[in-house]
Every structure is written in C-alpha cells, then in structure tokens.
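In what follows, chains are A, B, ... by sequence order, proteins preceding strands, each numbered from 1. Keep in mind the model is a prediction, meaning the values are calculated, not measured.
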Amino acid sequence: MKNTLFILAGPTAVGKTDLSIELAKRLNTEIISADSRQVYKEMNIGTAIPSKEQLSEVKHHMIQNKSIPEYFSAGKYELEVLDILKNLFRKKKSVLLTGGSGMYIDAVCKGIDPLPPPDKTIRRKLTHKFETEGIESIRFDLKHIDPEYYESVDLNNPKRILKALETWYQTGKKYSSIVKGKAKNRPFNMEYIVLERDRQKLYDRINQRTDIMFDNGWIDEAKKLHKHKGINALNTVGYKEIFAYFDGIHSLERAKELIKRNTRHYAKRQITWFKRYENAFRIHPEETEKIFIFVENALSQANE
RNA sequence: GGUACCAUAGCUCAGUUGGUAGAGCAAUGGACUGAAAAUCCAUGUGUCCCUGGUUCAAUUCCAGGUGGUACCA
C-alpha cells in the first residue's frame with residue numbers, strides 16, 4: 001500500500017484555492033502550495049494568497065515562507081517539498097499539492113537534476129556579455145563549450161543559453177552532462193486533477209479578480225515593494241505593471257489593462273503546460289462531487 | 001434639413017494609378033530541468049457598408065441609399 005499525492009493543477013483564477021480547501025478537508029489532510037510567487041511573504045494581494053480563514057481551516061505548506069531577496073528555485077522547491085511529504089505521509093494517507101507553477105509541480109513529481117545555486121558574479125558577467133554583445137556572442141560560446149546542448153536548445157532564448165554557460169563556468173561540467181531529464185521514481189502514487197473552464201469565463205474571472213485586487217489595496221502593497229523592483233521575485237505579472245505606473249511609464253488605467261492581458265497570457269501558458277499531463281482527470285472546478293468520487297476511487301485502488 | 005468628411009480583420013487604421021488586401025494591438029497554437037507569474041517560437045483572422053452604373057474585370061471610379069462624425073441652419 002502506497003500513499004497518494006493528489007496534484008491539483010490549473011490556470012490562474014480557475015478556482016484552485018476554494019476547491020483545494022474543500023478537498024483537503026474531505027481527505028483530512030494538508031496542502032502544499034505549488035506556486036512560485038506565493039512562497040514570498042511580502043506579496044499578498046497580487047499573488048492571490050488564500051484568505052486568513054482558509055489558511056486557518058487547513059494547514060498550508062510552502063506559502064509565504066520565503067523572503068523576496070532570498071534565492072529560490074525549482075530545485076530547492078523539490079527538496080523542501082520531498083522533506084515535507086516524508087513527514088506528512090507518516091500520518092496522512094494522502095496529501096494535496098496544488099498550484100499553477102508547472103515546473104515546480106514537475107520538480108516534485110519527476111525530479112530535477114542537481115545544479116548548484118547560481119553564482120551572482122558569473123551570472124552578472126554573462127548577462128552583461130549578452131546585453132552588450134548580443135545573443136550571437138553567447139550562442140558562439142555555447143557552441144564551443146557544449147555542442148550537444150547547442151543542438152537542442154532554443155537558440156533564440158537567452159535565458160536557456162545563459163543557464164548552460166553559467167553551469168559550465170561554475171562547475172566545469174557541461175550542462176548536457178548534468179541535465180539528463182530522466183524522471184525519478186517516487187515512493188508514492190501521483191494522481192493529477194487538472195481544472196478547466198471555458199476560456200471566455202476564465203478571462204472574465206481574471207478581469208474581475210484584477211479589479212478586486214486593486215479595490216483591496218494592491219497599490220499600497222506594491223508601493224512598499226517598489227524599492228525591490230529589480231529582484232526576480234518581483235518580475236511578476238501585476239507588480240511590474242504597477243511599478244511602471246509609479247515610474248511614470250504609463251497611466252494607472254493602462255497598467256490595469258496590461259495586467260489583465262498579461263494575466264491572460266500567463267493563463268494560456270499554464271494551460272499549454274498542463275496539456276502534458278496525459279493521464280490527468282480533467283474537470284470543471286465546480287464539479288466537486290465528481291472530483292470527490294475520483295479521489296475516493298483513486299484511494300481505494302491504492303489500498304488494494 | 002444643408003454642406004463636408006468617413007465606412008476595409010474583434011479594435012485602431014493603412015492600401016489597391018481598377019486585376020478580391022496588410023500593419024499594430026487583441027486573439028489563437030506551441031516550446032520550456034533552477035530567473036518559470038520568467039523566457040522564447042509560430043499563426044491567421046475579411047460579403048473591403050448596401051444597391052445600381054461604367055468596365056473584360058469594381059473593395060477601388062460614378063450615382064443613389066444607409067449609418068457615423070463635424071460644421072451650418
């Protein structure tokens with residue numbers, strides 16, 4: 001008999017939070033958030049953190065337990081979550097992992113090859129090289145350093161190329177020799193539930209939620225974070241558009257429009273990612289009864 | 001009511017010296033093993049307002065109609 005990790009995934013604003021609370025109560029278990037921005041304690045309104053009541057109803061992990069200046073990554077996330085799971089599975093038959101960060105979910109479910117945390121100096125140098133000499137220059141370096149990876153990377157995507165170069169300068173090893181992409185075995189079952197909603201309805205919800213966030217004082221929250229604007233954690237839909245408003249780049253109205261649009265784009269990327277989960281149970285978030293039945297069936301099979 | 005201007009993609013508009021059309025934005029599809037709410041790639045969308053005329057051929061020229069905008073009354 002194995003324990004089961006239920007993965008509740010879906011695009012932003014689809015309705016994950018409310019459902020996850022209900023599901024966790026039903027399963028008498030705890031929630032691990034799989035959200036790359038909800039881990040930061042300084043952000044609240046703009047990352048749609050569950051309400052105080054919700055947080056008190058069900059214990060949540062990996063929510064607001066990091067600070068914006070801290071370096072965090074999918075690799076760290078994997079290790080921390082595996083640790084939490086080890087403990088939780090001592091007393092719980094099932095645990096709920098819920099969120100919209102596909103790479104974080106995959107890091108837990110499939111594993112991620114070990115890389116060291118980035119060296120700031122090396123990253124700065126490489127970024128500077130890219131910014132001053134252009135993408136050709138870093139492509140050229142990659143071709144000589146790691147020809148195998150050069151063949152398979154997206155050569156238009158500077159971040160991918162820079163990561164591989166950074167790895168080489170830090171470890172002396174080729175990125176392609178470290179990153180194998182082979183899924184690891186996990187000592188628990190994994191059941192995917194992917195939440196889906198009509199596209200137009202989802203977009204309506206995004207638009208409404210954005211307006212509500214502003215009504216709830218998002219601007220004041222962002223004002224306090226403005227001084228940290230260069231930090232990666234704040235390279236986040238919503239905050240960047242509000243910062244641009246503070247900096248006089250565009251109006252508040254324009255910022256709101258851009259936030260809605262960029263959130264829609266983000267949701268689209270998430271939907272694309274979750275199409276990978278071939279064996280997922282795909283369902284509308286309000287079909288709670290069907291979801292409960294799915295969950296119970298999965299658990300009884302795991303007990304056989 | 002009169003005069004002028006306008007009517008082309010979901011929106012804002014360009015264009016065709018007459019040979020059925022293209023930009024931006026929006027939208028859509030995709031990639032993605034450590035910056036991932038990040039980053040990157042790809043793709044169109046059409047009674048060219050309606051009716052008639054001229055013409056081998058009209059979205060384009062002409063006339064009338066309809067709608068809009070501005071000014072005059």
Measure [atom1]/[X] against [atom2]/[N] and give the value in whole Å, please.
X	N	atom1	atom2	answer
D198(A)	U28(B)	CG	P	11 Å
L155(A)	C32(B)	CG	P	15 Å
K184(A)	U33(B)	NZ	C1'	10 Å
N157(A)	A36(B)	CG	P	13 Å
E166(A)	U39(B)	CD	P	16 Å
I138(A)	C40(B)	CD1	P	11 Å
I271(A)	A27(B)	CD1	P	12 Å
L79(A)	G34(B)	CG	P	15 Å

Look at all strands and tell whether [X] reaches a base, only sugar-phosphate, or nothing, counting heavy atoms closer than 4.0 Å.
X	result
T47(A)	base
K268(A)	base
K260(A)	nothing
G46(A)	base
P11(A)	nothing
N262(A)	nothing
Y149(A)	nothing
R276(A)	base
S101(A)	sugar-phosphate
Y77(A)	nothing
D113(A)	base

Tell me which nucleotide among [options] gets nearest to the side chain of [X].
X	options	answer
S73(A)	A36(B), G34(B), A38(B)	G34(B)
L162(A)	A38(B), C40(B), A35(B)	A35(B)
K275(A)	A35(B), G30(B), A27(B)	G30(B)
Y266(A)	A35(B), C32(B), A38(B)	A38(B)
T272(A)	A31(B), A36(B), C40(B)	A31(B)

salt_bridge(E241(A), R254(A)) N-O dist < 4.0 Å: no
Parallel, tilted or perpendicular, as decided by the 30° and 60° cut-offs, for the rings of F281(A) and F294(A): parallel
Plane angle bin for Y192(A) and Y277(A) - parallel if under 30°, tilted between 30 and 60°, otherwise perpendicular: tilted
Distance check, [atom1] atoms only: [N] and [M], in whole angstrom units.
N	M	atom1	answer
C11(B)	C48(B)	P	15 Å
U51(B)	U12(B)	P	23 Å
G22(B)	C71(B)	P	37 Å
C5(B)	G10(B)	P	28 Å

R37(A) vs K110(A), nearer the 5' end of RNA chain B by closest nucleotide: K110(A)
N156(A) vs V179(A), nearer the 5' end of RNA chain B by closest nucleotide: V179(A)
Exercise: identify the closest heavy-atom pair between C109(A) and I7(A): SG-CD1, 3.7 Å
Contact summary for P50(A) and L55(A), nearest pair of heavy atoms: O-CD1, 3.7 Å
D198(A) CG: over 12 foreign heavy atoms closer than 6.0 Å: yes
OP1 or OP2 of [N] under 4.0 Å from side-chain N/O of [X]:
X	N	answer
K240(A)	A38(B)	yes
Y175(A)	U33(B)	no
R264(A)	U28(B)	no
H265(A)	A27(B)	yes
K159(A)	C32(B)	no
Y203(A)	U28(B)	yes
R123(A)	A35(B)	yes
R199(A)	U28(B)	yes

Can you confirm whether the side chains of [X] and [Y] place a donor and an acceptor under 3.5 Å from each other?
X	Y	answer
T12(A)	Q270(A)	no
R26(A)	T288(A)	no
D146(A)	S176(A)	yes
H226(A)	D247(A)	yes

In G64(B), glycosidic geometry as syn within 90° of 0 or anti otherwise: anti
Side chain to side chain contact (heavy atoms under 4.5 Å, CB included) partners for R160(A), two or more places apart: Y149(A), V153(A), N157(A)
Duplex segments of RNA chain B, taken as runs of at least three Watson-Crick or G-U pairs that stay under 3.5 Å: B:1-7 with B:66-72, B:10-13 with B:22-25, B:27-31 with B:39-43, B:49-53 with B:61-65
